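In this text the structure is predicted, and so the values were computed from the model without any measurement. Residue numbers start from 1 in every chain, and the chains themselves are labelled A, B, ... in the order their sequence lines are given, proteins ahead of strands.
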Amino acid sequence: MRYSEMHLPTAREIPSDAEVTSHQLMIRAGMIRKLTSGIYSYLPLGYRVIRKVEQIVREEMNRAGAQEVHLPMVQPVELWQESGRWIHYGKELLRFRDRHEREYCLGPTHEEVITDLIRNDIKTYRQLPRNLYQIQTKFRDEVRPRFGVMRCREFGMKDAYSYDADEAGAEKSYEKMFVAYNNIFNRCGLKFRPVEADSGSIGGKYSHEFMVMADSGEDAIVFCEKCAYAANLEKAEIGEPEKKNIAEKDWLSLESVHTPDACTIEEVSAFLKVKPQDIVKTLIYNADGKSCAVLIRGDQDVNEIKVKNYLGTAELELADEGMILKVTDAPRGFAGAVKINTRVIADYSVMNMINFVTGANKQDYHFKNVNIGRDFNVEAFIDLRVAQENDSCPRCGGKIKFARGIEVGHVFKLGTKYSKAMKAAFLDKDGQEKIMIMGCYGIGIGRTVAACIEQNFDENGIIWPMPLAPYQVIITPVNINEEEVMKASESIYASMLACGIEVILDDRDERAGVKFKDADLIGIPIRITVGQKNLAQGNIELKIRKTAENRLYPLQKIVEEVKALIDQELNPAA
RNA sequence: CGGGGCGUAGCGCAGCUUGGUAGCGCGCCUGCUUUGGGAGCAGGAUGUCGCAGGUUCAAAUCCUGCCGCCCCGACCA
C-alpha cells in the first residue's frame with residue numbers, strides 16, 4: 001500500500017486519557033480511536049493486526065479439530081433464565097427490550113446460545129465429541145473500563161465450547177485446547193505462561209489462564225522457582241504446615257486487657273507491644289446471609305475466594321455493623337473466637353500459634369494468652385490466606401515468586417453446569433440418556449494485541465513481532481523528488497508485492513526524519529531505506545526495527561533477502 | 001457504588017484566584033527555501049470555552065444542576 005493513500009493518522013503527542021503504554025501507542029500509531037468509555041473503533045492498521053491474531057487462532061483451532069460458527073450477539077431472556085444467569089450474571093449483562101417489550105441481552109459469552117444449538121441437534125453419542133468456536137464481538141458492561149482495549153466493554157473474543165459424552169472425553173478436549181492455546185500464543189511471539197486459575201462462579205473442576213508476562217498486567221501470578229507450578233494469586237494454594245506438638249503446660253493463663261480505641265492489628269500491636277504475628281485476626285463474614293468467623297494470623301490477608309469456595313456460598317462479603325454486633329456482642333474491631341456466637345474456621349497460619357492475642361468480644365478489650373483447644377475450638381484448619389512471596393510451593397516445597405501478567409486466554413472444564421440446567425442430553429451406547437460434559441475456552445483478541453505491545457516497544461514506538469505485524473516491510477525513499485530514488489523504490493515495491501510481501505511504500509513528500517519516526521512508531525519490523533548515496537553504489541539499506549541493526553544489500557538482492565528474513569521470522573523452528 | 005481530578009481549536013495545554021474583544025505549542029492550508037532522524041521563513045484557516053439555568057451592564061472566569069471522560073478503591077465468565 002502507498003502511504004500517501006493510507007488512512008493512518010499518527011500523532012506525536014500522547015493523548016491525555018491514556019495511561020498504559022499499549023493504549024498510548026495504539027492511539028498514537030493510528031490503530032484505534034475511542035468512541036465512548038470502553039468502546040473503540042479499529043482503524044485500518046489496528047484491524048490488520050486484529051486479523052493476524054484471528055487468523056492464527058483460526059488455524060490452530062481448526063488444527064485442533066474445532067469448527068467455526070457464528071452465533072447471534074442479541075440473545076433472548078428465556079435462555080438466560082434457563083441457565084439461571086439472568087439473575088446471577090449481574091450488571092455486566094447489558095439488557096434491553098425490543099418494540100414488543102420482549103427482553104434481550106447482548107452476549108457477554110455464549111454458553112446459553114451454543115448449548116441450545118447443541119441440544120437441538122445432537123441426540124446420540126455417535127455425534128460426540130464436538131467443539132465449536134466463533135470469533136465475535138462480545139459486550140460486557142464493565143464497572144470500570146480502563147487501559148484502552150485491555151479492559152473494555154465491547155471487545156473481540158474467540159470463544160470455543162466442547163461437548164463430550166464422558167469425563168475422559170472432556171479431559172481430552174480440554175487437553176487439546178490447552179495445546180492449541182500454547183501454539184497460538186507461541187506463534188504470536190508472546191512470552192506467556194499458563195497458570196492454574198480459580199474457576200469462579202462458572203463452576204467446573206479446573207481451569208488455566210494464559211498470562212502474558214508484563215509488569216503492567218492487572219493480574220498477580222505466583223510461580224515456583226524450582227518446579228513448573230504457576231497459579232493466579234487468587235488461586236495460589238498454600239500447603240498444610242506440619243502440626244507442632246503444643247504442650248499444654250506452656251499455656252499461660254487467659255488475661256483480659258483494656259485496649260481503648262485499639263481496633264486494627266497495627267493499633268493493637270502497638271498498644272500491647274506485640275508483633276502482628278502474635279495476634280489472631282478475627283474477620284466476620286456474611287456468607288449468603290449467614291455469619292462465619294475467619295481466623296488468620298495478624299500479618300496475613302484472607303483470600304476471600306478460598307473462603308467462598310470452602311463455604312460453597314454464592315455471595316461473600318465482610319459483615320456489616322449489625323451482624324458483627326449480633327455475633328460478637330461488640331462493635332467492629334474487638335472480635336475474637338472466644339465465646340463467639342457463630343461458626344469458626346481458621347487459616348493454617350493459626351494452627352501452631354500459642355498464647356496469642358485476640359479481640360475479647362467486648363468494646364475496648366482484648367485477650368492475651370489465648371489458646372485453641374482450651375479457650376475455643378475451630379471447625380477446621382484450612383488454606384484461607386493470600387499467598388506471599390517466598391511461601392513454600394504447594395507441589396515441591398520450593399520458593400514461591402510473584403510476577404504480573406495479562407490474561408489473554410482462559411480454558412475451563414465446565415462439567416455439566418450448563419448442559420444440566422439446559423438439558424443438553426444424548427443417548428449413550430447403553431441406551432441411557434446422559435448429560436453432556438462441557439468445556440469452554442476463550443481468547444481476548446484485542447487484549448492479545450495490546451498485550452503484545454506491552455511486551456514489544458521502546459521509546460520510539462511499537463516493535464511488532466513478524467507474525468502480528470500489520471505490514472512486514474516499509475520502503476522509505478529518502479526524498480521522493482529524486483528520480484533515481486523513486487525509480488528504485490517503485491521497482492522494489494512492485495517486486496515485493498509480486499512475491500506476496502506485505503509492504504508499505506512511504507511515498508509521502510515528507511522529510512526523511514518524519515518518515516523514520518512514523519515507521520518506528522507503527523513498528524514495522526523491516527525498513528528499507530532508499531537514498532541517493534547508497535543507491536549510487538548500487539546499494540539499498542535494510543534496517544531491523546527490533547535491533548536497530550543496519551545492513552546494505554545490492555539492489556538486485558534486496559527483495560530475496562527480505563523474503564528470506566520474513567520466512568525465517570514466521571517459522572523460527574524451520 | 002465510594003474517593004479524587006479534568007472538560008477551552010484535530011492533539012497537548014495556558015487563561016479562571018481578582019468577570020471586561022479567547023491565547024500558546026504541535027498539526028492543518030498557501031508560497032518560497034530546505035531535504036538521512038518529527039526543517040526554516042512569511043502568510044492563513046479553525047472555538048456554540050461540555051450542556052442548561054442563574055447572578056451581573058458584562059461570564060471561559062462567580063453560583064446551581066446535569067452530562068461526559070480519566071485515576072484510586074470496591075467489583076470482575
Extract from the structure each pairing of a protein N or O with an N or O of nucleotides 27-32 of chain B at less than 3.5 Å, listing the distance.
residue, atom, partner, partner atom, Å
B:G27, OP1, A:R12, NH2, 3.4

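B:G36 atom P lies 8 Å from atom CG of A:N479, rounded to whole Å. For the pair A:F155 CZ and B:C76 C1', the computed distance is 11 Å after rounding to whole Å. Look at NE2 on A:H7: it is 12 Å from C1' on B:G10, rounded to the nearest Å. Atom CZ of A:F516 and atom P of B:A39 are 12 Å apart (whole Å). Rounded to a whole Å, the CG atom of A:N481 is 15 Å from the C1' atom of B:G36. Note: CD1 (A:I39) to P (B:G68) measures 13 Å, nearest angstrom. Atom CD of A:E19 and atom C1' of B:G4 are 14 Å apart (whole Å). Separating the NZ atom of A:K91 from the P atom of B:C75 is a distance of 14 Å, rounded to the nearest angstrom.
When each of B:G37, B:A39, B:G12 is scored by its nearest atom to the side-chain atoms of A:K517, the top-ranked nucleotide is B:G37. When distances are taken from the side chain of A:R151 to each of B:C71, B:C69, B:C76, the shortest belongs to B:C76. In this structure, the nucleotide among B:A39, B:C76, B:G37 sitting nearest to the side chain of A:V514 is B:A39. Here the side chain of A:V478 is nearest to one of B:G36, B:C76, B:G38, namely B:G36. With B:G12, B:U34, B:C70 as the choices, the nucleotide that has an atom nearest any side-chain atom of A:K34 turns out to be B:C70.
Contact of the A:N232 side chain with the A:M211 side chain is registered, since non-hydrogen atoms from C-beta on lie closer than 4.5 Å.
Below the 3.5 angstrom threshold, one finds a donor paired with an acceptor across the side chain of A:E541 and the base of B:G36. On a pure distance criterion of 3.5 Å, a polar donor-acceptor pair joins the side chain of A:R527 and the base of B:G37. At a cut-off of 3.5 angstrom, the base of B:G36 holds no donor-acceptor pair with the side chain of A:K543. Evaluation of atom-type donor-acceptor distances gives a pair under 3.5 Å for the side chain of A:E13 against the base of B:G25. Below the 3.5 angstrom threshold, one finds no donor paired with an acceptor across the side chain of A:N460 and the base of B:G37.
The pair A:E54-A:K158 does not meet the salt-bridge criterion, since no charged nitrogen lies less than 4.0 angstrom from a carboxylate oxygen. Remark: A:K138 engages A:D159 in a salt bridge, criterion side-chain N to carboxylate O under 4.0 Å.
Counting non-hydrogen atoms under 4.0 angstrom, A:N534 reaches a base of the nucleic acid. No engagement by A:P9 is indicated, since no non-hydrogen atom pair under 4.0 Å with the nucleic acid exists.
Between A:S37 and A:M157, the residue anchored closer to the 5' end of RNA chain B is A:S37, taking for each the nucleotide with the nearest heavy atom.
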